[in-house]
Amino acid sequence: MEISKKYNPLAAEKRWYDHWIEKGYFHSTPNEREAFTIVIPPPNVTGVLHMGHMLNNTLQDVLIRRARMRGYNCCWVPGTDHASIATEAKVVQKLADEGIQKSDLTREEFLSHAFDWKDKHGGIILDQLRKLGASCDWERTKFTMDEDMSESVIKVFVDLYKKGLIYRGVRMVNWDPSAQTALSDEEVIHKEVNSKLYHIAYNIEGSEEKLTIATTRPETILGDTAICVNPDDTRYAHLKGKNAIVPFINRVIPIIFDEYVDMEFGTGALKITPAHDINDYQLGDKHNLEIIDILNDNGTLNENAQLYIGKDRFEVRKQIAIDLEKDGFLVKTEDYQNKVGLSERTDAVIEPKLSMQWFCKMEEFSKPALIHVMNDDIQFHPAMFKNTYRHWMENIKDWCVSRQLWWGQQIPAFYYEGNKFVIAETKEKALILAQKENPNITLSDLRQDEDVLDTWFSSWLWPISVFDGIRNPDNEEINYYYPTNDLVTAPEILFFWVARMIMAGYEYKGDLPFKNVYLTGIVKDKQGRKMSKSLGNSPDPIGLMEKYGADGVRVGMLLSSPAGNDLPFDESLCEQGRNFSNKIWNAFRLIKGWEVADIEQPDSAKQAIIWFENKINKTILEIDESYSKYRISEALMSTYKLVWDDFCSWYLEIVKPNYGSQIDTITYDKTIEQLEKVLKLIHPFTPFLSEEIWHLIDDRTNDIIVADWPKAKDFEEIILSDFDIISEVVSAIRNFRKQKQVPRKELFNLLVKENKMLCRNMDPIICKLGGLDCVEYVGEKPSGTYSFMVKANEYFIPLSDSVDVGVELEKLQKELDYTEGFLKSVEGKLSNEKFVQNAPQSLVEKEKKKQADAKAKIEILAGKISALSDA
RNA sequence: GGGCGAUUAACUCAGUUGGUUCAGAGUGCCUCCCUUACAAGGAGGAAGUCGGGGGUUCGAGUCCCUCAUUGCCCACCA
């Protein structure tokens with residue numbers, strides 16, 4: 001069979017993925033083996049794959065594939081999140097494009113549109129993950145609004161209510177006027193913006209005097225119910241008991257005194273709008289102020305404002321400034337930078353708004369959640385994030401869990417007789433409860449709360465609910481798969497999601513949800529900008545995979561992404577990944593081209609096999625070590641170098657036949673054996689390629705995906721260090737050939753001044769790689785030779801033409817200078833009494849040995865120099 | 001404003017409890033080579049006063065202080 005010179009990934013990827021699915025390798029059911037579980041961070045159901053997902057899911061797949069090879073019963077649960085506000089916003093937009101307003105629809109009609117949208121666009125992302133090679137247990141695919149999932153959510157809500165942890169109340173919340181819903185604090189992004197600070201003069205009642213305040217939101221003066229100054233502010237002391245008059249609407253409002261006000265800021269006088277500012281609200285509460293809400297839910301002004309009714313707040317801001325100026329109220333405006341809260345999902349400017357919402361008390365949850373992270377029951381990688389986590393947990397606030405949306409789990413609160421309500425899983429159950437209060441109530445008297453729960457109120461149960469551990473806490477699966485092993489996610493949702501899963505885990509399973517949290521960085525472009533749709537700087541992952549192969553992209557993603565570090569992505573990384581695939585491919589081609597013959601095994605091959613076995617054993621140890629520390633990039637790099645440098649550049653170069661393609665049986669078998677080990681080691685990174693070659697080596701029924709992970713065996717350091725010397729000698733010979741332009745075909749003898757550092761049994765390797773007749777031991781320096789040193793041993797190559805004395809002298813002198821400098825520093829140390837006294841004995845011994853070696857080397861070098869100079 | 005990090009070759013990063021033959025890796029760069037596995041390759045090479053300044057120590061990328069630059073998280077200052 002003719003094998004292509006270049007690895008062609010596309011066909012192989014499809015074929016092997018289908019094969020793996022067909023064999024059911026990804027599907028797990030509880031059995032006697034130990035479980036290894038990962039739950040996917042569910043992407044938004046209508047999302048499409050971006051580079052962040054690629055990184056994240058590649059990591060998960062690497063972890064799960066290695067675990068599978070190590071014999072665990074692996075279960076990687078995939079799924080999607082309904083992403084209430086994000087999805088609802090998309091659906092609203094789509095309907096608006098068709099000329100349909102959400103307000104024209106009933107809840108049922110809207111939800112039907114939303115489900116249509118979900119059916120049409122949902123799950124695309126999961127298909128895309130298959131291209132990446134993600135070995136998810138697809139039979140377990142979950143959606144956070146699946147019936148069982150929603151039931152779990154409702155059950156938890158009811159349970160928490162019964163425990164007194166859910167309450168309803170009027171609070172100042174973050175209001176998104178675009179989506180017209182409350183948001184949790186975590187969903188608000190604060191951004192620095194250029195705005196204006198308006199200085200507005202209020203008349204004082206019964207006086208000619210004016211009081212000037214400063215505000216960035218002049219439209220809110222229509223909701224003012226006080227002006228506040230600092231009690232220590234002598235400028236305003238005389239205003240005690242006086243009232244001010246709101247411009248235009250002439251509302252009389254008190255002037256109050258509170259330390260809260262910063263005398264230095266603006267004019268030292270602060271307007272108070274309790275309905276539209278959290279601080280003002282608190283002050284209002286303290287001073288018993290009236291609350292006047294002037295905003296509609298959509299951000300326009302309502303009749304309470306008296307003016308500008310129905311106009312958007314930003315429009316009013318501009319207009320009122322003009323009107324204030326016209327009427328002489330506006331003292332001045334200045335440019336000002338302040339932070340404005342924006343909705344994470346809709347980008348709308350958040351308005352603090354007083355409204356009735358549902359809250360979840362968090363303080364009790366946070367205690368075990370904090371302890372078990374700080375004591376490493378749950379390990380964060382990198383551990384640095386423990387600090388951030390602790391800071392948040394120690395300052396946790398109650399969670400606003402209600403959203404004024406339709407897409408999500410509807411809050412199971414049922415109202416009757418006005419504001420009375422009961423909480424129950426179903427309307428029927430609610431009726432029974434309500435009838436205890438009033439036996440005459442019927443089903444039709446009950447009205448369910450319109451709001452839905454925050455998306456994260458379903459996600460925080462994810463590791464439990466995917467195994468139905470909420471509804472059926474004792475089922476076999478939850479007890480087998482939970483706690484899960486690894487969670488791979490982004491630090492930006494550490495609080496949204498990770499922290500809350502930990503809290504839910506201890507509350508509902510009494511146990512941690514996962515043992516390790518691997519926090520990825522953000523994928524950025526070359527200029528360090530976050531990849532985003534609006535910037536258009538995000539490459540198309542599918543396109544990349546088609547161009548470089550899924551394996552190439554996987555390797556590219558991991559080449560430069562230590563945990564927690566951002567990944568400055570560049571296509572050249574994928575190119576490197578693809579080249580790596582191709583390198584392995586060609587190593588395979590070389591081996592495949594060999595013809596096993598009944599010939600004697602060369603000594604060089606014997607030695608190479610011994611060396612490589614030791615080398616790979618040591619490297620497996622290093623790779624396992626890196627994995628155990630979740631240093632995935634490091635594990636990849638060790639694997640990469642093992643393949644490229646050790647296996648290809650050294651091992652194969654030594655064992656491959658000099659002429660023709662005939663190879664002895666032992667070397668061939670050993671080489672195949674090593675190649676198989678190498679393929680297993682690369683399998684987590686390059687699953688398709690490794691499976692492809694695995695089967696091309698040999699017709700076989702077993703697949704590499706479920707092959708045993710190579711065991712780290714003992715190795716002899718001495719063999720490895722001997723080889724290092726050998727490789728240095730070989731490099732020196734290659735260097736010589738290059739300098740003197742001696743072609744490889746021209747053979748010569750390498751002469752060696754005998755020394756115990758020489759590893760004579762590896763001489764055949766030097767001969768093979770250096771293109772030598774043989775290695776000879778001469779004892780003394782022969783004349784007419786080129787010489788070089790490796791460690792403290794001296795090597796000579798006979799020269800046909802005379803040595804270039806000048807160049808040679810210069811080279812030797814340079815080395816002598818260095819060695820003398822080195823010796824000086826070593827002796828400096830040894831002559832330092834304090835060093836000898838304080839440093840560990842072993843270190844002192846080491847220094848003494850260095851001293852001896854350096855002295856010996858200097859002697860040799862000096863001898864050579866004088867000999868050359870004489871000549 | 002508070003908290004947590006980062007600053008080591010052109011780029012992306014390793015450097016364990018301080019020990020100098022540890023200043024390293026990959027990429028990139030330079031030179032030579034299309035040698036029958038691979039030019040998506042091979043061989044060789046250059047490259048860093050470890051952000052600045054102090055200090056502790058026999059000895060400091062490694063510990064302490066300080067300054068500078070920079071990133072992230074949290075926070076209601078109009």
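Below, all heavy atoms of this structure are taken into account, side chains as well, without hydrogens, waters or symmetry copies. This is a predicted model, so every value here is computed, not measured. Note on naming: letters A, B, ... go to the chains in the order of the sequence lines (proteins, then strands), and numbering restarts at 1 for each one.
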Could you measure between the two [atom1] atoms, the one in [N] and the one in [M], and give it in whole Å?
{"N": "B:A6", "M": "B:A78", "atom1": "P", "result": "32 Å"}
{"N": "B:A47", "M": "B:A10", "atom1": "C1'", "result": "9 Å"}
{"N": "B:C50", "M": "B:G61", "atom1": "C1'", "result": "4 Å"}
{"N": "B:C22", "M": "B:G18", "atom1": "C1'", "result": "14 Å"}
{"N": "B:U17", "M": "B:C29", "atom1": "C1'", "result": "38 Å"}
{"N": "B:G52", "M": "B:A9", "atom1": "P", "result": "11 Å"}
{"N": "B:U56", "M": "B:U16", "atom1": "P", "result": "24 Å"}
{"N": "B:U35", "M": "B:C30", "atom1": "C1'", "result": "22 Å"}

Can you tell me if the side-chain N/O atoms of [X] get under 4.0 Å from OP1 or OP2 in [N]?
{"X": "A:Tyr640", "N": "B:U27", "value": "yes"}
{"X": "A:Ser731", "N": "B:G44", "value": "yes"}
{"X": "A:Lys583", "N": "B:A37", "value": "no"}
{"X": "A:Trp392", "N": "B:C72", "value": "no"}
{"X": "A:Asn586", "N": "B:A40", "value": "no"}
{"X": "A:Tyr336", "N": "B:A78", "value": "yes"}
{"X": "A:Lys6", "N": "B:A40", "value": "yes"}
{"X": "A:Lys5", "N": "B:A39", "value": "yes"}
{"X": "A:Asn579", "N": "B:C38", "value": "no"}

Out of [options], which nucleotide sits closest to the side chain of [X]?
{"X": "A:Leu270", "options": "B:C74, B:A78, B:G26", "result": "B:A78"}
{"X": "A:Arg631", "options": "B:G15, B:C38, B:A78", "result": "B:G15"}
{"X": "A:Asn582", "options": "B:G2, B:A40, B:U31", "result": "B:A40"}
{"X": "A:Ile278", "options": "B:C76, B:A37, B:C4", "result": "B:C76"}
{"X": "A:Arg589", "options": "B:G42, B:C38, B:G5", "result": "B:C38"}
{"X": "A:Lys641", "options": "B:U12, B:G41, B:G26", "result": "B:G26"}
{"X": "A:Asp262", "options": "B:C77, B:G44, B:C74", "result": "B:C77"}

Contact class for [X] vs. all strands (heavy atom < 4.0 Å): base, sugar-phosphate, or nothing?
{"X": "A:Glu634", "value": "sugar-phosphate"}
{"X": "A:Asn338", "value": "sugar-phosphate"}
{"X": "A:Glu264", "value": "nothing"}
{"X": "A:Arg734", "value": "sugar-phosphate"}
{"X": "A:Asn565", "value": "sugar-phosphate"}
{"X": "A:Phe495", "value": "sugar-phosphate"}
{"X": "A:Asn395", "value": "nothing"}
{"X": "A:Lys271", "value": "nothing"}
{"X": "A:Trp644", "value": "sugar-phosphate"}

Cationic N near anionic O, under 4.0 Å, [X] to [Y]:
{"X": "A:Glu219", "Y": "A:Arg317", "value": "yes"}
{"X": "A:Asp398", "Y": "A:Arg171", "value": "no"}
{"X": "A:Arg313", "Y": "A:Glu351", "value": "yes"}

Base of B:C76 paired with side chain of A:Asn279 (donor-acceptor, under 3.5 Å) = yes

task = Would you state whether a donor and an acceptor, one from the side chain of A:Glu653 and one from the base of B:A43, lie under 3.5 Å apart?
result = no

Side chain to side chain donor-acceptor pair (under 3.5 Å) between A:Asn174 and A:Asp185, worked out = CA-CA 7 Å; A:Asn174 307 297; A:Asp185 291 343; 2.8 Å; yes

ask   = Do you see a donor-acceptor pair shorter than 3.5 Å between the side chains of A:Lys386 and A:Thr388?
value =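 Their side chains do not contain a donor-acceptor pair, so the 3.5 Å distance test is not met.
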
key: A:Arg554 (side chain) donor-acceptor with A:Gly549 (main chain) under 3.5 angstrom   =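 No; judged by distance alone, with no hydrogens or angles, the pair does not exist.
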
key: Any donor-acceptor N/O pair, A:Lys592 side chain to A:Leu696 backbone, under 3.5 Å   = yes

query = Hey, which of these two, A:Asn735 or A:Pro491, hits RNA chain B nearer its 5' end, going by closest nucleotide?
reply =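 Upstream on the strand: A:Asn735.
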
message = Closest-nucleotide mapping onto RNA chain B: is A:Met637 or A:Ala587 further toward the 5' terminus? I mean the 5' end.
response = A:Met637

Classify the angle between the aromatic ring planes of [X] and [Y] as parallel (below 30°), tilted (30 to 60°) or perpendicular (above 60°).
{"X": "A:Phe380", "Y": "A:Tyr389", "value": "perpendicular"}
{"X": "A:Tyr651", "Y": "A:Phe647", "value": "parallel"}
{"X": "A:Tyr630", "Y": "A:His381", "value": "parallel"}

In whole angstrom, give the distance that lies between atom [atom1] of [X] and atom [atom2] of [N].
{"X": "A:Asp277", "N": "B:A75", "atom1": "CG", "atom2": "P", "value": "15 Å"}
{"X": "A:Leu559", "N": "B:A14", "atom1": "CG", "atom2": "C1'", "value": "14 Å"}
{"X": "A:Leu590", "N": "B:C38", "atom1": "CG", "atom2": "P", "value": "9 Å"}
{"X": "A:His276", "N": "B:A78", "atom1": "NE2", "atom2": "C1'", "value": "15 Å"}
{"X": "A:His190", "N": "B:C74", "atom1": "NE2", "atom2": "P", "value": "9 Å"}
{"X": "A:Phe385", "N": "B:C73", "atom1": "CZ", "atom2": "P", "value": "9 Å"}
{"X": "A:Asp233", "N": "B:A78", "atom1": "CG", "atom2": "C1'", "value": "15 Å"}
{"X": "A:Glu492", "N": "B:C74", "atom1": "CD", "atom2": "C1'", "value": "16 Å"}

ask   = Syn or anti for B:G53, with syn set at within 90° of 0?
value =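 Glycosidic conformation of B:G53: anti.
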
message = Can you confirm if the aromatic rings of A:Phe788 and A:Phe736 lie within a centre distance of less than 6.0 Å?
response =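 Not under 6.0 Å, so no.
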
task = Give a yes or no on this: more than 12 heavy atoms of other residues, nucleotides or ligands lie within 6.0 Å of atom CD of A:Gln337.
result = yes

query = If a stem is a run of at least 3 consecutive Watson-Crick or G-U pairs, both distances under 3.5 Å, which stems include RNA chain B?
reply =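 Listed by first number, the stems are B:1-7 with B:68-74, B:10-13 with B:24-27, B:29-33 with B:41-45, B:51-55 with B:63-67.
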
